[in-house]
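Below is one structure, written out as structure tokens; the observations come after it.
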Amino acid sequence: MEFNDPALFPIHEKVTSGERLDFEDGMTLYHTNDLLGVARMANLVREQKFSRDTYFVRNQHLNYTNVCVNRCVFCAFSRDMGEEKAYTFDLSKAEQEIRTRLHEPIREIHMVGGLHPSLPFSYYLDLVRMVKELRPEATVKAFTAVEIDYFSRLTGLSLEEVIKELQGAGLGMMPGGGAEVLSERIHRKLYPRKIGPDRWLQVIRVVHGLGVPTNATMLYGHIETLEERVNHLLKLRTLQDDTGGFTAFIPLAFHPENTRLSHLKPTGGIDDLKTVAVARLLLDNIPHIKAYWVMITPSLAQVALSFGADDLDGTIVEEKITHMAGARTPTGMSMEEISHLIRSAGYHPVERDAFYNPI
Ligand code: V47
Ligand code: SF4
């Protein structure tokens, strides 16, 4: 393989011989200007694993409340209780949202919300039961390590007990949010009231131990350093060596509008593509890398398929968290639009369920 930057040769050696990349390799990949060299290596790994298959799921997002006691600095979605635009769905409103799309063969319901100060744990169990009853064929992918920790403090139950109750109600897997950047510095500065890096990893370890798969994310493009990004990815990789419970990794491009960091510039295409490729190359033990079109636009997500991504998330229909932070992307896409996006990039669309079984 030809490279403009000779620093990539030893990394290519490792990639082709299946040797694990280390911290320094991650930094080299981020620092190089040979973007296409990085892409070729990431694509090599992607094609070894999935050939030209590209996954997507018919899914629905349900954000049952934006009331949150954490009020992270980067969040445009959350509100205080009673504040203008604060909302909380009662069970019948949540049911109505699910019922409006019952005619579509949706396979995954992605359900997350703020940490509400007064909703009881029974509310969340009822939510999961309601969705599972209306949509037995769909996987309820709900809550993050942040909520699991909160439910445990709310109820006095152990993490294990909380997770088992949720499993009993029908929880099938968990999304990857709440990891932000696994760094104490970023925790203190941007999300001091939310659980920090060590607790996030500890909760996920318990979740995986009980057989609930999860995803993992990284919120990048704010005040974090490249060292902090690479360390974040390596922390995920180390946990995955132990548990094998991560299904997909999703880089989340920070959207500054309407946040307390609105003076920052949004991420650009180069950083977005590089982050997908670096994730593919460093995370040798997490099967899927998702290009989340909501955050990086459908056009760039299409290009990301040649930078190591093998999944485009799904149809979604009503996304709130990124759109409240200024995203101009559509809030949903039809199955035909996603398939077209994949085909016209030269890839083969594969509709999947939440566990990546082809439909
Ligand atoms: O944890 C908050 C992030 C996450 C902003 O697992 C922001 O399949 C950008 O985790 N700009 C929630 N991001 C979303 C999430 C997710 C999304 C899609 C798929 C999956 C999956 C998971 O959104 C939060 C936080 O890191 N976030 N504010 C913002 N202004
Ligand atoms: Fe709450 Fe999540 Fe927003 Fe933080 S990112 S304020 S935890 S809703």
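All values reported here derive from a predicted model rather than from experimental measurement. Read the numbers this way: they start at 1 and go in the same order the structure lists the ligands and their atoms.
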Problem - Minimum non-hydrogen distance to atom 13 (N) of ligand 1, winning option of L219, T214, L252 - result: L219
Completion exercise
If you scan protein heavy atoms around atom 28 (N) of ligand 1, the nearest is F74 O, 3.4 Å
Practice task
Give yes or no for whether the N/O distance cutoff of 3.5 Å, strictly under, is met between A76 and ligand 1.
Solution key: no
Problem - Nearest neighbour of atom 24 (C) of ligand 1 from the list E180, H110, M324, E319, on a heavy-atom basis - result: E180
Problem - R129/D126 salt bridge by N-O under 4.0 Å criterion - result: yes
Practice task
May I ask you to check if ligand 1 and C75 share an N or O to N or O distance below 3.5 Å?
Solution key: no
Practice task
May I ask you to check whether Y124 and F151 place their ring centers less than 6.0 Å from one another?
Solution key: yes
Handout entry: ligand 1 to K290 polar contact by distance, N or O atoms, under 3.5 Å
Key = yes
Exercise for the section: Supply the members, apart from M81, of the Ile/Leu/Val/Met/Phe/Trp/Tyr cluster built from side-chain contacts under 4.5 Å; use none for a lone residue. Expected result: V67
Problem - Basic-acidic side-chain contact under 4.0 Å: R280, D310 - result: yes
Handout entry: Atoms in ligand 1 with a heavy atom of N215 nearer than 4.0 Å
Key = 6 (O), 8 (O), 21 (C)
Exercise for the section: Please work out whether any backbone atom (N, CA, C, O) or any side-chain heavy atom from C-beta onward of P175 is under 4.0 Å from ligand 1, and answer side chain, backbone, both or neither. Expected result: both
Completion exercise
min-distance protein heavy atom vs atom 1 (O) of ligand 1 -> G178 N, 2.9 Å
Practice task
Would you please test T54 and L312 for side-chain contact (heavy atoms from CB on, under 4.5 Å) and show each step?
Solution key: CA-CA 7 Å; T54 297; L312 286 185; 4.2 Å; yes
Problem - Proximity flag M174 to ligand 1, non-hydrogen atoms under 4.0 Å - result: no
Problem - Parallel, tilted or perpendicular: ring planes of Y356 versus H288, cut at 30 and 60 degrees - result: parallel
Handout entry: Option whose closest heavy atom lies nearest to atom 27 (N) of ligand 1, chosen from V57, I321, V181
Key = I321
Practice task
State, without any angle test, whether T322 and E319 hold a side-chain donor-acceptor pair at a distance under 3.5 Å.
Solution key: yes
Exercise for the section: Out of K194, R193, R79, indicate the one that has the non-hydrogen atom closest to atom 5 (S) of ligand 2. Expected result: K194
Fill in the blank from the handout: Distance filter < 2.8 Å from atom 3 (Fe) of ligand 2, protein N/O/S hits 1
Only distances under 3.5 Å count here; give the side-chain donor-acceptor pairs of residues 233-240 to other protein atoms, sequence neighbours excluded, each with its distance to 0.1 Å.
{"unit_1": "K235", "atom_1": "NZ", "unit_2": "L182", "atom_2": "O", "d": "3.0"}
{"unit_1": "R237", "atom_1": "NH1", "unit_2": "L21", "atom_2": "O", "d": "2.9"}
{"unit_1": "R237", "atom_1": "NH1", "unit_2": "L282", "atom_2": "O", "d": "3.1"}
{"unit_1": "R237", "atom_1": "NH2", "unit_2": "L21", "atom_2": "O", "d": "2.9"}
{"unit_1": "T238", "atom_1": "OG1", "unit_2": "L234", "atom_2": "O", "d": "2.9"}
{"unit_1": "Q240", "atom_1": "OE1", "unit_2": "G245", "atom_2": "N", "d": "3.1"}
{"unit_1": "Q240", "atom_1": "OE1", "unit_2": "F246", "atom_2": "N", "d": "2.8"}
{"unit_1": "Q240", "atom_1": "NE2", "unit_2": "F246", "atom_2": "O", "d": "3.0"}
{"unit_1": "Q240", "atom_1": "NE2", "unit_2": "N285", "atom_2": "O", "d": "3.0"}

Practice task
For T16, check side chain to side chain donor-acceptor pair (under 3.5 Å) against everything at least two apart and list the hits.
Solution key: none
Problem - Check ion pair K14-D22 (N to O, under 4.0 angstrom) - result: yes
Problem - Residue part near ligand 1, for A253, under 4.0 Å between non-hydrogen atoms - result: backbone
Problem - atom 10 (O) of ligand 1 [closest protein heavy-atom partner, distance rounded to 0.1 Å] - result: G177 CA, 3.1 Å
Exercise for the section: Ignoring hydrogens and angles, state whether a donor on the side chain of R229 or T275 is under 3.5 Å from an acceptor on the partner side chain. Expected result: yes
Exercise for the section: May I ask whether T217 has any heavy atom positioned less than 4.0 angstrom from an atom of ligand 1? Expected result: yes
Practice task
Give the numbers and elements of all ligand 1 atoms closer than 4.0 Å to a heavy atom of A325.
Solution key: 30 (N)
Exercise for the section: Could you verify whether a donor N or O on one side chain and an acceptor N or O on the other, from D90 and S92, lie under 3.5 Å apart? Expected result: yes
Handout entry: Pairing of E160 and K164 as salt bridge, 4.0 angstrom limit
Key = no
Practice task
Starting from atom 6 (O) of ligand 1, find the nearest protein heavy-atom neighbour and note its residue, name and distance.
Solution key: G176 N, 2.8 Å
Practice task
Consider every N or O of H255 and every N or O of ligand 1, then say whether any pair is closer than 3.5 Å.
Solution key: yes
Exercise for the section: Salt-bridge test for K49 and D284: reply yes if a basic N is under 4.0 Å from a carboxylate O, no otherwise. Expected result: no
Problem - Mutual orientation of the aromatic rings belonging to H110 and H61 [parallel < 30°, tilted 30-60°, perpendicular > 60°] - result: tilted
Handout entry: Residue part near ligand 1, for Y292, under 4.0 Å between non-hydrogen atoms
Key = side chain
Practice task
May I ask you to identify, for T144, whether its side chain, its backbone, both or neither come under 4.0 Å of ligand 1 on a heavy-atom basis?
Solution key: neither
Handout entry: H61 N/O to ligand 1 N/O under 3.5 Å
Key = no
Problem - R71 charged N/C atom sitting above Y191 aromatic ring, 6.0 Å / 45° - result: no
Handout entry: Which of the ligand 1 atoms, numbered from 1, are nearer than 4.0 Å to a heavy atom of I250
Key = 6 (O), 8 (O), 20 (C), 21 (C)
Problem - Residue pair E147 / T144, side-chain donor-acceptor N/O under 3.5 Å - result: yes
Completion exercise
Near F254 (heavy-atom distance under 4.0 Å), the atoms of ligand 1 are 9 (C), 11 (N), 29 (C), 30 (N)
